Amino acid sequence: MNISAEHLKILDVMSRLSIDRASRALSKTLKTGAKISFSKCYVAEIGAVTEKMNESTDEMAGVMVGFKGNVGCKLLFMIPMHGVFILTDLYLRQPSGTTKTYDECSESVMQELGNVLAAHICNSLVSNFDATLTPLPPVVHNDYAGVMFSNLIMEQAMMDDKLVLIDTKFEICKTELACYLFLVPDVASFDKLIDAIGVYS
Amino acid sequence: MANLPQNIITVGVGELKITRSPGVLKTLLGSCIGIVLHDPLNKIGGLLHIMLPKRNSEDAKITKYADTGLPYIVSQMVSNAGASRSALYAKIFGGAKMFETNGKMMNIGEANEFEVRRILKEAGIRITASKTGGTKGYNIIFDTETGKVTCRIFGEPEEVY
């Protein structure tokens with residue numbers, strides 16, 4: 001993995017702008033605050049980061065979105081299974097506790113939240129950094145957190161032992177719910193974007 | 001899993017960990033294959049988490065691939081950890097078909113399993129148990145004292161192999 005500290009810093013700024021936009025969109029969609037409590041952009045060693053993820057056997061619901069265009073990127077939005085019920089009630093403006101089972105309705109809500117996040121991350125990159133990209137249809141999964149995460153990074157892991165990871169945690173106000181958002185940018189394509197905005201390493 | 005010791009070691013993607021009793025090794029698997037090697041005489045166990053069947057670059061980490069990782073785990077267990085080569089047996093798990101972001105199923109799991117079985121056969125190491133395939137993740141916990149592997153596929157009850 002060949003990425004300079006300057007490029008990583010720029011990528012961090014780009015991701016913060018996009019994730020900030022995505023969190024505001026999520027807040028509007030759910031009609032409650034989605035507060036970013038942690039956000040970090042770093043180069044991760046695949047063995048170490050997956051070891052940490054595999055420590056937990058939490059059962060999660062997740063939505064994965066790929067992007068098509070001149071910037072390669074993948075997104076995974078993940079929440080604990082019980083969190084799907086909370087988000088479904090918030091999204092459908094139902095009293096808390098109405099949703100009790102995971103069904104087509106809650107799966108659609110997850111898919112829609114993936115759409116909302118991906119669309120706003122895309123919009124930010126397009127409007128601020130001249131990227132041309134569109135999100136692919138979201139794919140909803142239920143599995144162990146570590147398995148979903150490994151699935152997200154599989155393509156990168158086939159080519160390298162390290163990857164750039166943008167790791168974000170949201171807290172949904174008035175609930176105990178924490179949501180996790182991972183972005184895995186294709187560093188080669190982001191380099192072109194960074195060069196296009198006039199920053200040269 | 002009842003009465004397990006507290007020293008549980010987690011294994012990440014493309015990693016290898018070896019320990020002896022009372023050590024416990026655990027990992028989560030999707031399309032990857034987890035290969036458990038156990039020496040019941042010396043109570044030494046190793047867990048290799050491979051991602052791909054064949055190594056594609058000289059610089060790549062050897063434990064990520066079946067063709068380089070399996071000979072490596074055997075040599076490490078025998079030379080460094082003091083396991084008996086003739087006592088070793090294997091159990092294999094994982095190799096599920098997982099979704100990609102384009103909605104298609106990734107079928108690398110089958111190729112991984114094929115390569116693992118081929119290499120173990122060539123090396124003369126018996127596979128005494130296996131649970132592979134499906135479309136959900138595996139949570140495996142390997143007790144080096146007994147050689148037993150507790151496997152739980154997401155959404156299914158726990159099974160012991």
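Below, chain A is the first sequence line, B the second, and so on; all start at residue 1. Note that the coordinates shown come from a computational prediction; the quantities given were computed from them, not determined experimentally.
- B/Glu113 and B/Thr132 form a side-chain donor-acceptor contact under 3.5 Å, judged by distance and modelled atom types alone.
- Per-residue counts of heavy-atom pairs under 4.5 Å with chain B were compared for A/Asp143, A/Val147, A/Ile153; the largest is that of A/Asp143.
- Contact of B/Lys26 with chain A is made through the side chain alone, with heavy-atom distances under 4.5 Å.
- Between the side chains of B/Asp39 and B/Ser84, no donor N or O sits under 3.5 Å from an acceptor N or O.
- Looking at B/Tyr138, only its backbone comes within 4.5 Å of chain A, counting heavy atoms on both sides.
- Here B/Tyr161 and B/Phe93 bring their ring centres to under 6.0 angstrom of each other.
- Looking at B/Ile153, only its backbone comes within 4.5 Å of chain A, counting heavy atoms on both sides.
- In this structure, chain B has heavy atoms under 4.5 Å from both the backbone and the side chain of A/Ala157.
- Separation of the A/Phe182 and A/Phe149 ring centroids falls under the 6.0 Å cut-off.
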B/Thr150 vs B/Arg152, side chain to side chain contact (heavy atoms under 4.5 Å, CB included): CA-CA, chis, key distance, verdict: CA-CA 7 Å; B/Thr150 305; B/Arg152 186 170 174 262; over 6 Å; no
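- Contact of B/Val13 with chain A is made through backbone and side chain together, with heavy-atom distances under 4.5 Å.
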